[in-house]
Amino acid sequence: MKKYLLTPGPTELPARVLLAMAHPIIHHRAPEFLPVLEQAREGLKWLFKTKNEVLILASSGTGAMEGAVTNFLSKGDKVITVNAGKFGERWGQICKAYGVEADVINVEWGQSVDPEKIKEALQKNPDVKGVYFQATETSTGVVHPVKEIAKIVHDNSNAIVVVDGITGVGVFDLPMDEWGIDILLTGSQKALMLPPGLAFIGISDRAWKLNETSTLPRFYFNFSKELKNIVKNQTAYTPAISLIIGLGESLKMMKEEGLENVYKRHTLLAEATRKGVQAMGLKLYAPKSPSNSLTAAVAPEGLDSGKIISSLEKDFGIRIANGQDQAKGKIFRVAHMGYYDKSDILFMLASLEIVLNKLGYKVESGIGVGAAEKVFIA
Ligand SMILES: *Cc1c(COP(=O)(O)O)cnc(C)c1O
């Protein structure tokens, strides 16, 4: 059976990227590797919209998250974190592991954080070193107001703005320098059309200043060491060479499409998906601020979302994701970030209609697909 991956990471890979990665291995200290890394480096600056270097790490996204704590803070420092789901919770867990005191702003699942809450927390703790949050909270499908938060943080404190953009970068605009995002990080397996295994982190001058006085223990994720290397088109340790070759190709594809068109495509696919599931009578889990990277929909009353997910897999070879923790069994999550097109959305919605009907939830054939078609025709 033909397989389709519509999970919020890993995501589908273009044949061009797969073929690029089949290139024989190059030694990373050999002259042939320098232009490969240089091209990836320039491409990442273009994608992050920053004049500063974007470091390339051999790890999943969480490695960059951990490094975003250990390279800028010291034991006993205070930070603010936003916990609106699983990934926001992770910022708090990393801080705890390193003895950093986190003032956690808890947000109801499915809601985005109110920037005023961050302002209040900053006024209560004017000496916080950083504000850590997500661009998209992937566990609930919500998008946080990154631009507004960055402004509030800079207007009210000297804290750095740290954005986990793992499901934001390459989906919607997150111009680092223009918005004053001090740290922006992402992983390879979401919108960047690559397998898992790389993390990327852009760092502002303000954050580099903090790095000079930060004393938390670190070894592998040592960003000042990585910076010294990347300016020479090198990495401190053996890089994931094949993945970096793939990155060169995926960045090339994004450049060919044009960044604004990449964002427009994601907006269109997300809009069609939302309209499609709503036309089937399903509710969005994050109705007020849904992200364009994935759609989280609430399963019909009395129907375990796990059944929808396993039926889609069994009958159509489509893999989507369940909810996590409190949302498990209640919602399903369909990703449309990275290598996806209109045809993927139409196929997924049609399959979902069939599966829902088979599971006893009556949906008029074509009603979801029709709603998506209208978005594409308009
Ligand atoms: C996927 C994801 C992560 C975790 O990334 P790993 O690559 O699994 O370490 C972190 N934050 C967000 C918002 C994500 O979507």
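Counting starts at 1 for both ligands and their atoms, following the listed order.
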> Would one find more than 12 heavy atoms of other residues, nucleotides or ligands at under 6.0 Å from atom CG of D315?
Replying inline: yes
> For ligand 1, which atoms sit closer than 4.0 Å to a heavy atom of S60?
Replying inline: 6 (P), 7 (O), 9 (O)
> With E116, which residues qualify under salt bridge (Lys or Arg N to Asp or Glu O under 4.0 Å), at least two apart?
Replying inline: none
> Between the side chains of Y361 and E301, is a donor N or O closer than 3.5 angstrom to an acceptor N or O?
Replying inline: no
> Polar-atom distance check: R90 versus ligand 1, any N or O pair below 3.5 Å?
Replying inline: no
> Relative to ligand 1, is D164 under 4.0 angstrom through side chain, backbone, both or neither, heavy atoms considered?
Replying inline: side chain
>> So if I count the atoms of ligand 1 from 1 in the order they appear, which ones are less than 4.0 Å from some heavy atom of K190?
In response: 1 (C), 2 (C), 3 (C), 14 (C), 15 (O)
>> A cation-pi test, strictly: NZ or CZ of K255 under 6.0 Å from the centre of the six-membered ring of W46 and no more than 45 degrees from its axis. Yes or no?
In response: yes
> Looking only at distance, does F87 have an N or O less than 3.5 Å from an N or O of ligand 1?
Replying inline: no
> For ligand 1, which atoms have a heavy atom of T136 less than 4.0 angstrom away?
Replying inline: 13 (C)
> Taking the inter-plane angle between the rings of F316 and F347 on a 0 to 90° scale, is it parallel (under 30°), tilted (30 to 60°) or perpendicular (over 60°)?
Replying inline: perpendicular
> Within 45° of the axis and under 6.0 Å from the centre of the six-membered ring of F87, does NZ or CZ of K190 qualify?
Replying inline: yes
> What atoms of ligand 1 come within less than 4.0 Å of a heavy atom belonging to Q189?
Replying inline: 6 (P), 7 (O), 8 (O)
> Relative to the ring of F33, is the ring of H28 parallel (under 30°), tilted (30 to 60°) or perpendicular (over 60°)?
Replying inline: perpendicular
> Which atoms of ligand 1 are found less than 4.0 Å from any heavy atom of T138?
Replying inline: 12 (C), 13 (C), 14 (C), 15 (O)
> Considering only heavy atoms of T167, which atoms of ligand 1 have at least one such atom less than 4.0 Å away?
Replying inline: 13 (C), 15 (O)
